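Residue numbers start at 1 and run along the sequence shown. As the structure is a computational prediction, the values presented were derived from the model and not from experiment.
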Amino acid sequence: MLKAENHIKKAIFSGGGTGGHIYPAIAVASELRSRFPDVDILFVGAKGKMEMQKVPDAGYKIIGLDIAGIQRRLTIKNLLVPFKLLASLFRAKKVLKDFKPDVVAGFGGYASGPLLRQAVKKNIPALLQEQNSYAGLTNKILAGNAEKVCVAYDGMEKYFPSEKIVKTGNPVRKDILDLSSKREEALSHFKLDPNKETLLILGGSLGARTINNSVLAHIETLKKSDIQVLWQTGKFYFQEMLDKTSDKDLQNIKILEFIKEMDLAYAAADIIISRAGALSISELCLVGKPVVFIPSPNVAEDHQTMNAKALTEKDAAIMIRDSEAEEQMIPKTLDLLQNDEEKNQMAQNIKKEGMPNATENIVNELIALVN
């Protein structure tokens with residue numbers, strides 16, 4: 001039974017811009033509400049960003065700040081950034097004054113900057129959660145003021161004060177925690193042959209051009225191989241990939257725009273190809289199967305490469321650079337499928353990196369701050 005002083009009555013969650021910031025925040029908010037059903041939760045995001053839709057869809061209130069980051073190219077929009085930052089600081093101050101939270105949690109992204117800066121000034125306990133192995137700019141700036149920084153990787157002392165770091169892991173979906181019991185259902189759902197090995201290729205919800213083109217480049221090899229493939233193209237590339245393979249008679253390759261039942265896809269897979277976003281990696285560590293990572297080069301500070309390297313250095317995955325994927329991705333993956341010893345060792349090593357209780361761990365830290 002929690003003591004009365006531990007009870008969180010009001011909490012603000014901030015962060016966004018990408019799903020990698022939004023979904024962990026929603027997961028932690030939901031865990032907090034499961035512990036304290038009467039808790040009042042407010043989100044603060046950036047106007048025009050995806051959190052303004054995703055957060056209400058999850059059942060939470062959100063306030064949008066008129067804030068934007070500095071563009072990397074020369075543009076007139078950069079002249080507005082200081083004014084937007086000042087306006088957001090004033091707005092964040094008013095939100096805190098009106099809402100009076102017991103605790104504030106920032107998950108990265110522009111909006112968490114003004115909010116946490118103002119929270120610290122008002123002596124409101126503040127926690128940061130950093131999803132990647134390479135810390136984001138907002139979190140690096142705010143770390144000196146926050147009381148706790150929850151991370152998912154070792155070696156984060158180079159970005160944050162060591163005494164504030166707690167290794168909690170990244171929040172992930174709960175339905176992937178017991179995949180072995182779902183294998184039969186998974187094979188049936190995707191109409192797969194239980195006697196053949198399955199390659200799962202993930203391009204994300206929108207898609208990854210390099211991964212899709214790398215499959216296309218070796219489509220004949222895959223077609224003739226003795227494996228079956230679940231190829232998730234993403235919505236931007238689905239029709240294009242269908243058109244480009246329409247004359248191929250791909251009986252062992254299933255082309256999918258989007259996979260809703262990711263737990264079943266993971267359960268069916270024997271080996272997986274994926275980008276190296278922080279949440280994907282956290283999920284794949286719990287899945288515990290051999291993975292070939294193709295880090296996206298189109299992300300800040302090349303953090304996906306850093307994420308993947310954190311695993312390849314422990315022999316827990318293979319990484320192929322985006323620029324080399326078209327030539328190497330499919331051949332190296334097929335070679336790995338033939339090597340049972342390497343596959344098993346890789347699966348064991350990546351499983352060791354999984355942190356299934358991340359969401360609960362972060363909520364525990366929030367409660368400790370309020371106490």
Side-chain angles (χ1 to χ4, degrees), residues 15-25 69-70 72 106-110 112-113 128-144 146 149-162 164-172 202-204 206 208-211 214 272-325 328-329 332-333 346 349-355 358 361-362:
T18 68
H21 296 313
I22 298 162
Y23 296 124
I70 294 173
R72 293 182 181 227
F107 289 77
Y110 310 135
S112 60
L128 295 178
Q129 200 254 335
E130 175 56 58
Q131 298 88 31
N132 291 291
S133 62
Y134 187 99
L137 181 61
T138 302
N139 279 353
K140 282 193 281 190
I141 292 169
L142 293 170
V149 183
C150 297
V151 302
Y153 292 90
D154 295 321
M156 299 302 284
E157 295 82 6
K158 53 183 174 284
Y159 307 115
F160 306 125
S162 58
K164 297 184 178 186
I165 294 174
V166 185
K167 189 179 178 186
T168 57
N170 283 325
V172 295
L202 299 172
L206 300 180
R209 178 168 290 283
T210 300
I211 290 179
S214 301
I272 300 162
I273 293 173
S274 172
R275 285 300 200 195
L279 298 194
S280 296
I281 284 188
S282 294
E283 285 193 354
L284 290 165
C285 287
L286 294 176
V287 169
K289 294 185 177 182
V291 185
V292 177
F293 286 115
I294 316 292
S296 171
N298 309 312
V299 293
E301 312 292 353
D302 196 24
H303 67 250
Q304 287 204 7
T305 298
M306 308 287 188
N307 292 346
K309 274 185 175 177
L311 291 177
T312 58
E313 286 168 359
K314 297 178 180 178
D315 296 323
I318 287 176
M319 181 182 80
I320 298 171
R321 292 196 175 272
D322 192 85
S323 58
E324 299 169 346
Q328 297 183 14
M329 186 181 89
K332 279 199 170 184
T333 302
M346 204 179 287
N349 290 345
I350 198 169
K351 189 83 171 173
K352 288 176 192 169
E353 301 302 309
M355 300 190 74
N361 294 341
I362 295 168

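- In terms of heavy-atom proximity, Ala146 sits nearest to Leu128 at CB-CG, 3.8 Å.
- Remark: Glu130 CD to Phe160 CZ distance equals 4.5 Å, nearest 0.5 Å.
- Heavy-atom neighbours of Lys351 NZ from other residues, nucleotides or ligands within 6.0 Å: above the threshold of 12.
- Looking at heavy atoms from C-beta onward, Cys150 lies out of side-chain contact with Asn361 at the 4.5 angstrom threshold.
- Taking each heavy atom of Ala208 and Arg275 in turn, the nearest pair found is CB-NE, 3.6 Å.
- Atom OH in Tyr110 sits 9.5 Å away from atom CG in Leu137 (nearest 0.5 Å).
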Could you go through residues 282-296 and list every donor-acceptor pair under 3.5 Å that involves a side-chain atom there, pairing it with any protein atom two or more places apart or in another chain?
| from | atom 1 | to | atom 2 | distance (Å) |
| --- | --- | --- | --- | --- |
| Ser282 | OG | Asn170 | ND2 | 3.0 |
| Ser282 | OG | Ala278 | O | 3.1 |
| Glu283 | OE1 | Tyr266 | OH | 2.8 |
| Glu283 | OE2 | Arg173 | NE | 2.6 |
| Glu283 | OE2 | Arg173 | NH2 | 3.2 |
| Lys289 | NZ | Tyr266 | O | 2.8 |
| Lys289 | NZ | Ala267 | O | 3.1 |
| Lys289 | NZ | Ala269 | O | 2.7 |
| Ser296 | OG | Asn298 | N | 3.2 |

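- Ion pair Arg209/Asp322 not flagged as a salt bridge, since none of the NZ, NE, NH1 or NH2 atoms sits closer than 4.0 Å to an Asp/Glu carboxylate oxygen.
- No side-chain heavy atom of Ile350 sits under 4.5 Å from any side-chain heavy atom of Met346.
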Checking side chain to side chain contact (heavy atoms under 4.5 Å, CB included) for the pair Val149/Asn139: CA distance, chi angles, key distance, verdict? CA-CA 9 Å; Val149 183; Asn139 279 353; over 6 Å; no
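- With Met319 as the partner, the side-chain contact (heavy atoms from CB on, under 4.5 Å) test is satisfied by one option alone out of Leu311, Thr312, Asn307: Thr312.
- Within the 3.5 Å criterion, the main-chain N or O of Ala276 finds no donor-acceptor partner in the side chain of Ser280.
- Within the 4.5 Å cutoff, no side-chain heavy atoms of Ile281 are placed close to those of Gln131.
- Taking each heavy atom of Ile362 and Gly169 in turn, the nearest pair found is CD1-O, 4.0 Å.
- Taking CD1 from Ile165 and CE from Met156, the interatomic distance works out to 7.0 Å, rounded to the nearest 0.5 Å.
- Two rings, from Tyr153 and Tyr134, have their centers 6.0 Å or more apart.
- Under the side-chain hydrogen bond (donor to acceptor under 3.5 Å, both in side chains) criterion, Thr18 pairs with no residue, sequence neighbours left out.
- A heavy-atom distance below 4.5 Å is found between the side chains of Ile320 and Lys332.
- Here the closest non-hydrogen pair linking Ile273 and Met329 is CG2-SD, 3.7 Å.
- Not one N or O on the side chain of Ser162 forms a donor-acceptor pair closer than 3.5 Å with the backbone of Glu157.
- The backbone N or O of Pro297 lies less than 3.5 Å from no partner atom in the side chain of Asp302, so there is not a single donor-acceptor pair.
- Proximity of His21 to Ser112: side-chain heavy atoms (C-beta onward) are nowhere separated by under 4.5 Å.
- Atom-to-atom distance recorded for Glu301:CD and Lys140:NZ is 5.5 Å, nearest 0.5 angstrom.
- Side-chain atoms of Lys164 come within 3.5 Å of backbone atoms of Ala143 as a donor-acceptor pair (strictly under, hydrogens ignored).
- Residues Asp154 and Lys167 meet the side-chain proximity criterion, which asks for heavy atoms closer than 4.5 Å.
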